[in-house]
Amino acid sequence: MKDCDKIRIKIGGESVEADAGATPLELLQSQNKKPDGVIAAKFNGQLVDLKQSLCENGDLEWLTPHDPEGKEILFHSTTHLMAQAVTELFPNAKLAIGPPIDEGFYYDFDVEKPFTPEDLEQIEERMKERSRDRISVERFTLSREEALDYYKKQNQPYKVELIEDFEDPSFSFYKQGQFIDMCRGPHVPDTGYLKHFKLLQNAGAYWRGDENRPMLQRIYGTAAGSKQELKDYLKKLEEAKERDHRRIGADLDLYSIHEAAGPGLIFWHPQGSRVRNTIETFWRDEHYKRGYELVYIPHLLRENLFQQSGHLENYKENMYSPMDIDGIDYYVKPMNCPGHILIFKTHLHSYRDLPIRYAELGTVYRYERSGTLHGLLRVRGFTQDDAHIFCRPDQLEDEINGVISLADFMMKAFGFEYEMYLATRPEKWMGTDEMWDHATSTLRGCLEKTGKPWKIDEGGGVFYGPKIDVKLFDALGRTWQGPTFQLDFNLPERFDVNYIDSDGEKKRVVMIHRTVLGSMERFMGNLIEHYKGAFPGWLSPVQTVVLPITDAQIPYAEDINKQLRAQNIRCDTDLRNEKIGYKIREAEARKIPVMLVAGKREIEEGTVSVRERGKRDLGVMSLEKAFEHIKTVTQIPKSDL
RNA sequence: GCCAACGUAGCUCAGCCGGUAGAGCAACGGUUUCGUAAACCGUAGGUCGGGGGUUCAAGUCCCCCCGUUGGCUCCA
């Protein structure tokens, strides 16, 4: 504590005088206007504990769980509370790390036996007790040596390792009761501030994410500033469950996975295939319009091709074992690029021929570890909406702009918001500085030109080139990896991919790998969750269903069905002997966009009663008008070209 | 692959300390012919994920395997 008498603190535009060494907590108590639930503060831009003495003039800002930083502090303090409970209940537990994460926190422990669900309940109970005890949380500092000494004596090897990895001369610690943890802080003043939390799950996690190191037991939890907010968050988790594409996929009969056939392999049912086909047709049409040529390549390729491409060198652990064909090894392709390059290389290309864009819905197979498989989102066989652009260096900018505009169109067509990232050179890389500089600045320029916000993913590029990643947001605000455009300096070298320039010289082409949907499987999974199964009209597997009220209207319903089908509308009838309410209930459950109800009156008038999914009865319309309405609802997004 | 939990009818789930399997919905048959989110009656449906073991007796206890789920790692 410095010795000075009075300091001036500015709080929310108001200036107050205080004794030097006053704490934010003291200042807070003397304030009449203050936000609810202050748990920490920011002093001159630095995060501070409410109990930290202030000895200089400055600006003070309150932090509550509603501020991103305040939330982080809440999570962090809660994870300390959890660690305290764990060390009380399991005195031999070794502490690893316990950081806040996006929507909660976790702490890794090394314990003799993994935690059981009952353990979690007990830990949560103990946390509540300790919260009621309102144990004061005190900060103190130890020198590097003292800290090492302390943790060695306490037999906490992970903490010792952490300290050894840092250069800092001293480390801050927080003490609450008997529990002490090394931590940068800040933290809440006492455990009474931590009231609303829930432990969510227990999972194994390798120490420092390294599978060669010990597996620790991780407990995940979340916390909130109020009971209601915690409830809301837990409700959101429930909602996410309702949107789960695996559940909806089964309910709507879209696809299945079979133990008998092998995990991670998708079987598309008729209803799912209708959606996928619609997307694929849309995709092909759009690519053709934008100057792509559609190609097909075999699924099985000879070993030497993958040697040349470098896949056997760099990607073998993701490839399936080869099969012997006439004494030669063949591999199922994990990527489409080598095949497209072979097509390109069947001719000598003039600079005038470029750019050449080969697109393919190319199915690839990759080995994924069993524990990572997840419905449609992580599978072992999938179809990429792949394309490779071969161009001259001076065309790079136009090509990237074209790809960005295509991706933008696609994302809008499917109703996704998105965010772009420029992934720059990673630690391991190939090529030259000039190549990387030129390529990276070109990508940056293209991003600037969009006028949309974008971010840098430092070192996130691939070893063979920089890339732009597009992350999309779904209806719940979750992000998914969407389109990705990668520049490749590697394959053109390996395959000697050239064009003849205007000066008659051979020049190396610039190659762009790009996908705008990712893979059909993953994209469909995202779409299902985004729309909760209620696809927009143009994608719906069934767009319209005709519902006769009694058997007497069956011929009329069948006639409407026939007319709509003739107009390429995916129409069904529900001719079962059920009441209309029942049929409507089921049509709603099947998420059919338009329902046409036909009874005695409609036959007499040559009309139909129209009902839209999620809305009520829209009233009676002439058939002509109803068809027009259906056409509007099922309109395929128009290209912006 | 590793850690944990789970696997019972098409789906959602019950089945206690071991005594030989149950509900709702769906399906199927019949009755009913009905106006905007569930008509009524009936019928059928299960190698309890697979294999082995303990036991007079295993859905239940033990072991191995497979799959699923949540994580770790990785990724379209």
With C1' as the reference atom in both, quote the distance from A44(B) to C63(B) in angstrom, rounded to an integer. 37 Å
With hydrogens left out and only the distance checked, is there a donor-acceptor pair under 3.5 Å joining R522(A)'s side chain and the base of C75(B)? yes
In whole Å, measure the gap between the P atoms of C11(B) and G49(B) for me. 13 Å
Are T634(A) and R570(A) linked by a side-chain donor-acceptor pair shorter than 3.5 Å? no
Please tell me if Y365(A) has a side-chain N or O lying less than 4.0 Å from either OP1 or OP2 of A76(B). no
With the side chain of A205(A) defined as its heavy atoms from C-beta on, choose the nearest nucleotide among C72(B), A76(B), G35(B). C72(B)
NA contact type, R369(A), heavy-atom cut-off 4.0 Å: base, sugar-phosphate, or nothing? base
On the nucleotide G1(B), are OP1 or OP2 found under 4.0 Å from the side-chain N or O atoms that S370(A) carries? yes
Which label fits C17(B), syn or anti, where anti is any glycosidic angle not within 90° of 0? syn
Relative to the ring of F282(A), is the ring of F409(A) parallel (under 30°), tilted (30 to 60°) or perpendicular (over 60°)? tilted
For the base of G35(B), is there a side-chain donor-acceptor partner from E602(A) under 3.5 Å away? yes
When the P atoms of G45(B) and G7(B) are compared, how many Å lie between them, rounded to an integer? 25 Å
Atom-to-atom span, CG of L199(A) to P of G71(B) - whole angstrom: 16 Å
In whole Å, what separates the C1' atom of A14(B) from that of C75(B)? 40 Å
Using the side-chain contact (heavy atoms from CB on, under 4.5 Å) rule, take L618(A) and H629(A) through it: C-alpha gap first, then chi angles, then the decisive distance, then the call. CA-CA 11 Å; L618(A) 298 188; H629(A) 181 71; 3.8 Å; yes
Quick note, V597(A) side chain, CB onward, closest among G35(B), C3(B), A76(B) is G35(B)
Take N1-N3 plus N6-O4 or O6-N4 for Watson-Crick, N1-O2 plus O6-N3 for G-U, both under 3.5 Å. Which runs of 3 or more such pairs involve RNA chain B? B:1-7 with B:66-72, B:10-13 with B:22-25, B:27-31 with B:39-43, B:49-53 with B:61-65
Regarding R213(A) and the six-membered ring of Y206(A), is the cationic atom NZ or CZ under 6.0 Å from the ring centre and inside 45° of its axis? no
Hey, are R276(A) and T383(A) close enough side-chain-wise for a donor-acceptor pair under 3.5 Å? yes
When you measure from the side-chain N and O atoms of Y367(A) to the phosphate of G1(B), is any distance below 4.0 Å, counting only OP1 and OP2? yes
Write down the protein N/O and nucleotide N/O pairs, taken from nucleotides 23-30 of chain B, whose separation is under 3.5 Å; answer none if there are no such pairs.
residue : atom : partner : partner atom : Å
A26(B)  : OP1  : Y582(A) : OH           : 3.1
A27(B)  : OP1  : R576(A) : NH1          : 3.4

Would you say the side chains of Y418(A) and D408(A) form a donor-acceptor pair under 3.5 Å? yes
So, H258(A) and S256(A): side-chain donor and acceptor under 3.5 Å apart, yes or no? yes
Side chains of Q271(A) and Y255(A): any donor to acceptor distance under 3.5 Å? no
H374(A) side chain near C75(B) phosphate (N/O to OP1/OP2, under 4.0 Å): no
Taking atom C1' in both U47(B) and A21(B), compute the distance separating them and give it to the nearest angstrom. 14 Å
Atom pair distance, as rounded to whole Å: CD in E612(A) and P in A37(B): 15 Å
Answer yes or no on whether K94(A) is positioned over the face of F109(A), meaning its NZ or CZ is under 6.0 Å from the six-membered ring centre and within 45° of the axis. no
Do any side-chain nitrogens or oxygens of R616(A) fall under 4.0 Å of OP1 or OP2 in A37(B)? yes
Pairwise C1' distance, A26(B) and U43(B) [rounded to whole Å]: 14 Å
Can you see whether Q481(A) engages T484(A) through a side-chain donor-acceptor pair at a distance of less than 3.5 angstrom? no
Could you state the CG-P distance from L517(A) to A76(B), rounded to the nearest angstrom? 15 Å
When you measure from the side chain of D617(A), which nucleotide among G35(B), U36(B), G71(B) comes out closest? U36(B)
Counting only side-chain nitrogens and oxygens, does R611(A) get under 4.0 Å of the OP1 or OP2 atom of A37(B)? yes
U8(B) versus G59(B) - spacing of their P atoms, nearest Å: 15 Å
Heavy atoms from C-beta onward define the side chain here; which of G67(B), G35(B), U73(B) lies closest to that of I580(A)? G35(B)
R246(A) vs U69(B): side-chain N/O to OP1/OP2 distance below 4.0 Å: yes
What is the distance from OH of Y315(A) to P of C75(B), rounded to the nearest Å? 8 Å
Using the C1' atom as the reference point in each nucleotide, state the distance between U55(B) and G18(B) in Å, no decimals. 9 Å
Crowded around D165(A) CG? As in, over 12 foreign heavy atoms under 6.0 Å? yes
When you measure only distances, ignoring hydrogens and angles, does the side chain of Y206(A) come within 3.5 Å of the base of G71(B) through a donor and an acceptor? no
